[in-house]
Structures are given as C-alpha cells and as structure tokens.
Amino acid sequence: MEDMKAGGREAAKRYAAFISYSHAADGKLAPAVQEGLVRLAKPWNRRRALNIFRDASGLAVTPDLWNDLRTALDSSAWLVIMASPEAAASEGVGKEILHWLSTRTPDRILLVVTGGTLRWDSRAGDFDREASTAVHPALYGRLRVEPRHVDMSWARGSDRLTLRDIVFRDQVAEIAAPLHGLTKDELDSADIREERRVRRLVRLTIGSLSILLVAALVATVLAVNALGNANRQLKIATARFMADRGALIGDTNPVLSQLLAVAATRVDPLNADGRHGMMAALARPGRGELLGHTGGVMSAQFSPDGRSVVTAGLDGTVRLWDRSSRKQIGSPLAEPAERYTSAAFSPDGGLLVTTSLSGSVRLWDLARRRPLGSPLTGHTGWVYTAAFSHDGRRLVTAGEDGTARLWDVATHRQEGVLVRRGRVISAAFSPDDRLLATVGDVKEEGVIQLWDTRTRRRIGGALKGRNGFIATVAFSPDGRRLATGGNDYATQLWDVTTRREAGAGLAGHGGPVTAVRFSPDGSVLATSSADGLARLWDAASGEQIGTLTGHTGYVTSLAFSPDGRELVTASRDDTARLWDVSVHRQLGAALTGGSGLVGSVSFSPDGRRLATAHADGVARVWEVAATPPRSVVLTGHTGAVMVARFSPDGRTLATAGEDGTVRLWDAASREQIGTLSGHEGRTFVLAFGADGKTLFASGGDNVVRQWDVRTGRRTGISMAGHAKEVIHMVPSPDGRTLLTSAAGTTRLWDTGTGRQLGAALRGAEDPFAAVAFSPDGRTLAATDSRNRLVLLDVATRKQVGASMLGHTGPVYAVAFSPDGKTVATAGEDRSVRLWDVETHRQIGRPINGHDGAVQAIAFAPTGRLVATAGADGTARVWNVSEVVDVLSQTCAVAGRPISPEEWELYAQDLPYQPVCP
C-alpha cells in the first residue's frame with residue numbers, strides 16, 4: 001500500500017481514513033464516496049489520491065474480524081462516520097467509534113449525514129439528543145465544539161454518484177480536503193494541476209497528429225479528420241472542466257464561477273453543462289466582491305438611494321463603490337494615520353461619518369469628497385460605530401471609553417454624553433428617533449440600555465445579555481423589537497414595550513455575533529459572525545432561512561440595500577461581498593389563516609392573485625404583492641376545500657371539497673355564481689380545459705366528469721377506469737388530452753370522446769405519483785414511488801434522459817415553468833427543488849421554509865414566482881427568478897470579463913476569449 005504523506009496526516013498511517021457506516025443503509029453510497037476520495041486530485045502517475053479503508057473492500061475473510069477492524073482503525077488518520085438512523089442503531093458502528101475515542105482525539109472525526117437529522121445544541125455543547133436521529137450515542141458528550149458535517153442525504157438511491165456529478169464532486173471535495181491536509185480551494189487547485197497534466201497529454205497527441213499530417217501525405221485526409229476530432233475533444237474536455245470548476249467554487253468565488261459557466265458555453269456551445277452552470281450560479285446568492293482594501297474591512301453600508309456602497313477598513317481608507325458594476329468610484333478617502341472602524345451615510349446621502357481606533361469621528365462632504373470641518377473630539381479611546389438619526393439632525397457615537405455621545409450634525413457640537421461603565425460597542429436610533437439603544441459590556445457582562453433622546457436619560461434598568469459582551473443592536477422597522485448579538489454566539493430579540501425577551505433567541509453561529517440588521521420590510525433578520533458566515537432568519541418565526549458562505553475571515557458587519565433585495569457584508573479577509581438575498585427566497589410573509597393543511601395553489605392568469613384551498617372549509621384569494629398579506633375568504637363549502645383553480649381567462653374561480661360539490665365564483669366580485677353537484681363522496685381534483693369553457697372534476701366515485709362552465713351542466717362525457725380516487729389531473733395545453741393519476745396509475749384520455757388513449761403509463765420500475773404536462777404538450781414530468789423525477793416523451797411514452805433524485809421522501813407535486821425549461825417538485829421532505837430540463841440536474845440548493853410536507857406547487861405566469869401549499873397550514877410564494885436570456889444575465893451579474901490569467905489557469909490550451917465583454 002502507498003504511504004499517505006499529505007500534510008495534516010501522520011505519514012506512518014496506512015490509511016487516510018476509515019469509513020464507518022451501516023451496510024443496510026449505505027451499502028451503495030459508501031463505496032461511491034470511497035471511490036470519489038480515491039480519484040479526486042489523483043496524480044497521473046499514482047494509483048490513487050488517498051488510501052481509504054472500507055470494510056467490504058479492505059478486509060480478507062478471517063476468523064477474527066474485529067481484530068482486523070481494530071488494526072485498520074489504528075492505521076487510519078481520520079474516522080469518517082456515515083451518520084444515519086441505521087448507523088446510530090448499529091452495534092458495529094458504535095464499537096468502531098468507542099475504539100477510536102479510546103485512542104484518538106475527536107477532532108479527527110468527520111461526519112457525513114446520509115439520513116435522519118443531526119442537530120447541535122450550542123448551549124449544552126453537545127448534540128440535541130431528542131432531535132438528532134442520525135447520531136450514534138457513542139458520540140454524545142465527546143465533542144468539544146459543533147462538528148463540521150456534510151449532508152449527503154440526497155444521495156441515497158441516486159444514480160449520479162460519480163465525480164462527473166457537480167454536487168457529488170463538491171461534497172467529496174469537502175470530505176477530502178482535511179484528509180489531504182488542505183483547504184477545499186487548495187485541493188481544487190491540486191486537482192486543476194492534475195487536469196492540466198492530462199490536457200498536456202492531449203495537446204501532445206494533437207502535436208503528434210500534426211507531425212503525421214505533414215509527414216504522411218498519403219494519409220492527409222485521415223490526419224486532418226483526426227486533428228479536427230482531437231481539437232473538438234479538447235474543447236469538449238475544457239468546457240466540461242470549466243463548468244465543473246465553476247460549480248465547485250460557486251460559494252467561495254461567485255463571480256469567477258459565473259464567468260467559467262459562460263466560458264464553458266462559449267468554448268463548446270453544444271455543452272449543456274455550461275447553461276446549467278449559469279443557471280446554478282444565478283441561483284446562488286453571491287453577487288460579487290468589492291476588492292481593493294489591503295486590510296480588514298470593518299464596515300459596509302448602502303447609500304440611501306441604493307446606488308452605491310461605502311466600506312471602511314483598517315488599511316486607513318474609506319472607499320465608495322458602484323453597486324451595479326462593483327467598481328470603485330474615484331480614489332479612496334484616506335487619512336494615512338487612521339484605522340477606520342465604521343462609515344455610514346446620512347439619510348439624504350450627502351454626508352458620510354467615519355470612526356476610527358484613534359478616537360476620531362469625522363464628517364465628510366461626499367459631493368466634494370473632503371472632510372467637513374474639524375474632527376468631532378471627545379472620546380478618549382477607540383470609537384467603534386456611529387449612526388445618524390433618521391431625520392439626519394443627530395449623530396450617535398459609541399466608544400471604548402464607556403460613553404455614547406450625541407452630536408448636532410449642523411453645528412458639529414456635542415449635545416450630551418450618555419455615561420456608563422465598561423464599553424459601549426454599538427448604538428442605534430429607533431425609527432421615530434425618540435429612543436436610543438446602546439449595547440456593550442460591564443465587567444464582561446453584556447448590557448443593553450434604552451435612552452430617551454430628548455432628555456438623554458435612561459429608561460428603566462439595564463437589560464442583561466446571557467453571557468459576555470453584546471456587540472451589536474438594531475431596531476425593527478416598526479420600532480417594536482430590538483435585536484442584539486454578542487459573544488454568546490446567539491442573537492436575542494427583545495420586546496421594546498415590555499423590555500423582555502421575545503422568544504428563545506436565534507442560535508446557529510459558531511462564533512460571536514458581530515452584526516444584526518432587519519430588512520427594510522422587517523420580515524428578515526440578517527446576522528454576521530466571527531465564524532465567517534452571515535445567516536438569514538425569518539424575523540417572525542425565528543427560523544433560519546439562509547446561510548451566506550464565501551468569506552474566509554471574520555465577518556465584521558452587514559447591511560441591507562434600501563429595496564431589501566441585496567445584502568452587503570464586510571470581513572477581516574480584506575473584502576466586502578454583495579449578495580442577492582431575494583433569489584430562491586420567500587416573497588414576504590407566509591400566507592396563513594384558519595387551521596389545517598392548505599391543499600392547493602393557483603395563480604390568476606395575470607399573476608396578481610393566488611387562490612388557496614383550506615382544510616377548515618374555506619378558499620382564499622390573496623393579493624400576491626400585498627404587504628402584509630391580505631385575502632378575501634370564500635365560504636359556502638360544508639367540509640374541507642381540497643382544490644381551487646382559476647379559469648384560463650381569470651374570470652372564474654372553481655373550488656371543490658369534501659362536501660362533494662364544485663362551486664363557481666366570480667373572480668372579480670368573489671360572489672358564488674354556481675354549484676355543480678353529481679359526484680359521490682368528496683370532490684378531490686378539478687381542472688379547466690384550455691378554452692376555459694369546460695371543467696373536469698373527479699371525486700370519491702373515481703370517475704372524471706366534464707362540465708359546461710357557462711350552463712353549469714354536465715356534458716355527458718365521463719372518464720371511468722381508475723380503481724381509486726384521482727389525485728392529479730392535468731389537461732394538455734391544446735385541450736385535447738387529459739392526464740389523470742390515481743394510486744400509481746396514470747392515464748391519458750381524449751377529452752372529446754372520453755376514451756382512454758393507450759395503456760396506463762408507468763415508469764420502468766415504479767408507478768407514477770405526481771404528473772404534469774410541459775407547455776408544448778410533448779413531455780410529461782412525473783415522480784415515482786422511489787422519490788425520483790423522470791421525463792417522458794408523450795408520443796413514444798418512453799423516458800427521456802436520466803432520472804433526477806434529490807428528495808428524501810415522497811414527492812407530491814410537480815410543475816413545469818411557463819417556458820418549459822425548468823421543473824419544480826415538492827413533497828414530504830418539506831423542500832422545493834428546481835430542475836434543469838436539458839441537463840436533468842438540480843438548479844441550486846433546495847428551497848426550504850415549510851414546517852410540514854409540501855402538498856402542491858404552481859408557477860406564476862411570468863415564471864419568476866412559485867407558490868406552494870403545505871401541511872403546516874400555510875401557502876408561500878417564492879422568488880425563483882426564472883431567466884429568459886441566461887447568458888446575458890450571467891454576464892450582467894458577473895460585471896466583468898474573465899481575465900487572461902484566469903483563462904490561462906482553466907483553458908491554457910485554447911486562445912483567450914473575454915467571454916463577457
């Protein structure tokens with residue numbers, strides 16, 4: 001066996017890692033992970049990159065199996081545990097963990113979650129034993145800090161477990177990096193070098209063919225063909241390499257990821273991987289870096305008009321940036337002797353205030369780009385932050401000297417000093433400027449204090465943080481709540497009126513919380529931390545709704561843009577980053593009302609309204625753009641409403657429910673205009689025909705009946721054949737065919753005659769669950785009992801391309817985007833997933849937010865929004881930002897061309913192309 005000599009491992013160890021897993025649960029996944037670790041970044045002249053032990057591959061048949069396993073454990077540098085409920089119950093996995101911990105440190109354990117849940121309790125410093133179903137009891141109480149883990153639960157049963165799959169490759173790289181003793185970026189660079197060596201061999205082959213072309217005139221035609229084919233293969237290989245690399249660096253370097261996806265398409269226009277890479281890049285929140293500081297960036301903020309960003313750094317510069325191009329505006333504002341801690345715009349955008357470690361506070365005239373008068377002096381130590389009042393008349397500064405100071409902006413005079421002991425680290429005005437909140441510490445205990453800005457007196461006693469200093473504070477836009485964060489790694493929410501904590505706090509960061517900010521509409525709270533991450537939270541529920549990764553150092557501050565669509569973060573890694581926090585995010589608050597699950601969602605043809613069906617016996621029509629959400633309630637059903645659908649012209653809304661009736665409503669007045677009766681038992685599904693004049697409905701009698709919407713009478717055409725209730729019903733775009741699905745049987749019907757078209761449809765191995773027509777009617781999207789999404793050609797009834805697997809439970813709903821290029825799915829695992837029809841790959845990460853199974857899904861007519869209905873009693877609208885011209889938009893987001901140096905690294909054998917001019 002080869003000795004493992006990479007940094008971070010002991011050279012004497014025979015194996016880089018020992019994989020501990022449940023054979024029953026991960027008998028397919030474990031070998032794939034092992035193979036990926038062996039092949040990733042493998043030098044061309046060696047058999048493997050790493051030597052990995054897995055019992056099924058590394059053991060001979062011996063009478064003392066445990067002795068062999070123990071020897072392998074002792075000969076391994078790392079223990080990789082494939083965590084799942086089955087592994088958590090495995091005696092063998094437990095024995096391997098206990099032996100490892102008896103001889104080794106827990107910091108050499110890597111967790112790969114393949115099923116169940118893993119939840120860390122930051123307060124207890126241990127796994128949450130009730131919520132963590134994937135953790136073996138042998139690990140309880142043994143780890144000092146929250147372990148880094150890789151979630152591969154999506155991969156069970158997947159048929160894409162190779163390094164050619166971008167998601168699988170990325171996660172194998174996460175596991176492999178510490179085994180190599182490298183960062184993920186360093187491992188990526190090593191893999192690039194190996195790929196380049198292989199491409200050099202291809203280039204030598206091309207060269208040899210060129211020589212043959214000259215030397216062998218007799219074989220001219222053959223040589224020309226061979227040379228052309230070799231050049232074609234080189235372009236294909238280079239395009240794939242660019243697309244793969246772009247996906248791997250998407251979180252750490254979003255702009256280069258976008259450029260590589262475009263480059264892949266330019267190099268090989270027939271390569272669908274490039275288009276998928278661009279779509280995946282646009283689905284990520286990262287929108288670029290602001291590069292120029294040569295020291296830590298301590299502050300970043302948008303201008304009031306949202307067009308520019310200001311950053312302040314320890315390098316003694318304050319810089320202004322254009323938001324759209326991400327280019328610096330003019331020269332830095334600099335005072336070489338200063339080390340800036342913050343910079344903030346005045347409400348009218350005409351002034352800038354800066355603070356520094358010297359204790360200086362300075363106002364700047366932005367039009368003239370020069371200091372306005374003398375510095376504001378008074379603090380006797382570092383000044384951490386400064387903030388303008390919302391009317392722009394006052395300024396508050398917070399300092400190490402234990403004071404917060406109020407200043408008159410017009411006169412530059414100090415109005416008052418709010419004295420306290422310890423440090424004042426941050427301060428914030430309430431939206432009406434009547435209150436001021438200050439935070440900091442006294443004798444290492446966090447303190448929050450409210451002040452009356454008119455009298456400059458304290459209001460009540462101090463509010464105590466849980467532990468240690470409090471570094472940041474922010475008012476909600478309505479002024480009713482405060483958010484604070486500090487070195488207890490958590491964010492606390494406070495009710496301003498009662499002066500009590502509102503909820504249990506937001507835990508998740510792995511380091512002190514450095515900044516908290518509410519979005520302009522108050523629906524989202526953003527936090528940043530010394531752990532290098534920014535996190536997004538639903539401000540109402542306290543649920544985490546996003547994590548922004550990419551900074552390589554302490555994140556010092558963050559701020560929302562005035563429109564709430566973007567966030568800017570600053571970091572000690574000398575950069576600021578821009579993030580699109582609207583992409584693949586919930587649009588506004590959840591649509592709630594009543595009790596019980598929401599069974600269906602339907603957009604009006606103009607996309608302005610959304611109809612929802614509720615188990616409490618009502619339907620609701622929502623104004624999609626309203627803030628806060630508002631709806632009109634439609635009553636009349638005497639049981640749960642199962643479905644609600646708009647007619648194609650938007651004038652009529654049809655609802656159906658457990659009372660066995662279908663009710664028609666005038667969509668404008670919301671008045672009931674008809675009742676259709678005739679089904680036995682509940683009416684479960686309905687659909688309008690393409691012309692809007694016909695309505696199809698089915699209920700407990702398993703028969704699909706056809707109704708004339710104008711007369712309210714049955715047409716006489718019915719479709720009988722299903723043995724159980726029809727649970728999905730979709731008309732074809734031309735209205736000639738109706739697709740129905742019941743208990744795993746999917747059928748196609750002629751809507752003119754009511755006759756079944758051919759035999760029932762099913763997958764190669766499984767019956768279908770949810771089904772949908774593509775907009776052109778040529779393709780069906782269907783999900784099966786193995787949680788897979790498949791595409792079928794309607795004419796041939798054969799599957800098109802590979803199955804798509806990602807959901808970890810039954811998939812209940814599927815829908816095509818209006819342009820037919822994307823499919824959305826949702827189901828029991830509470831996630832919404834988007835899939836690229838051309839490449840059969842998932843676009844971006846799963847979209848999460850529901851607290852229960854997702855029952856239904858629908859695209860808005862524009863394709864930019866998706867609505868979902870959940871068992872948690874909510875409907876939600878998501879911004880999915882469907883792209884019409886994906887190449888142009890990717891270039892616009894990237895904001896620059898690929899550099900010659902970047903091109904040389906990723907495509908050294910091809911002539912340079914700027915790709916995004």
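Count residues from 1 along the sequence. If you're wondering where the values come from, they're calculated on a predicted model, not measured in any experiment.
For the residue pair His807/Asn787, the side-chain donor-acceptor check at 3.5 Å is not satisfied. Side-chain contact of His293 with Asp574: a donor-acceptor pair under 3.5 Å is absent, judged by distance alone. Arg565 and Ser582 form a side-chain donor-acceptor contact under 3.5 Å, judged by distance and modelled atom types alone. Judged purely by distance below 3.5 Å, without hydrogens or angles, the side chains of Trp321 and Ser308 never pair a donor atom with an acceptor atom. Side chain to side chain, Gln913 and Arg266 fail the donor-acceptor criterion of an N or O pair below 3.5 Å. Side-chain contact annotation: Arg841 with Thr839, donor-acceptor N/O pair under 3.5 Å absent. With no hydrogens or angles considered, a side-chain donor-acceptor pair links Trp835 and Thr825 at under 3.5 Å. No side-chain N or O of Thr862 forms a donor-acceptor pair with one of Arg864 less than 3.5 Å apart.
Considering only heavy atoms from C-beta on, Arg275 comes within 4.5 Å of Asp836 through its side chain. Annotation: side chain of Arg609 is not in contact with side chain of Trp622 (no heavy-atom distance under 4.5 Å). Between Val880 and Leu834 there is a side-chain heavy-atom pair separated by less than 4.5 Å.
Pro733 approaches Pro775 most closely through the heavy-atom pair CG-O, 3.0 Å.
Salt bridge Glu174/Arg169: absent, no basic N to carboxylate O contact under 4.0 Å. Between Arg778 and Asp793 there is no salt bridge, since no side-chain nitrogen of the basic residue lies less than 4.0 Å from a carboxylate oxygen of the acidic one.
Using bins of under 30°, 30° to 60° and over 60° for the plane-to-plane angle, the ring pair Phe168/Trp154 lands in the perpendicular bin. The aromatic rings of Tyr906 and Phe241 lie tilted to each other, with the angle between the two planes from 30° to 60°.
Judged by distance alone, the side chain of Gln799 and the main-chain N or O of Leu791 form no donor-acceptor pair under 3.5 Å. A donor-acceptor contact shorter than 3.5 Å is absent between the side chain of Thr808 and the backbone of Ser153.
Screening Leu558, Thr527, Val524, Leu525 for a side-chain contact (heavy atoms from CB on, under 4.5 Å) involving Arg517 leaves a single residue, Leu558.
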### Task
Evaluate the side chain to side chain contact (heavy atoms under 4.5 Å, CB included) criterion for residues Thr822 and Phe816: first the C-alpha distance (whole Å), next the side-chain angles of each, then the deciding distance (0.1 Å), finally the verdict.
CA-CA 6 Å; Thr822 305; Phe816 270 97; over 6 Å; no
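A distance of 7.5 Å separates CH2 of Trp878 from CG of Asn848, quoted to the nearest 0.5 Å.
Heavy atoms of other residues, nucleotides or ligands lying less than 6.0 angstrom from CZ of Arg307 number 12 at most.
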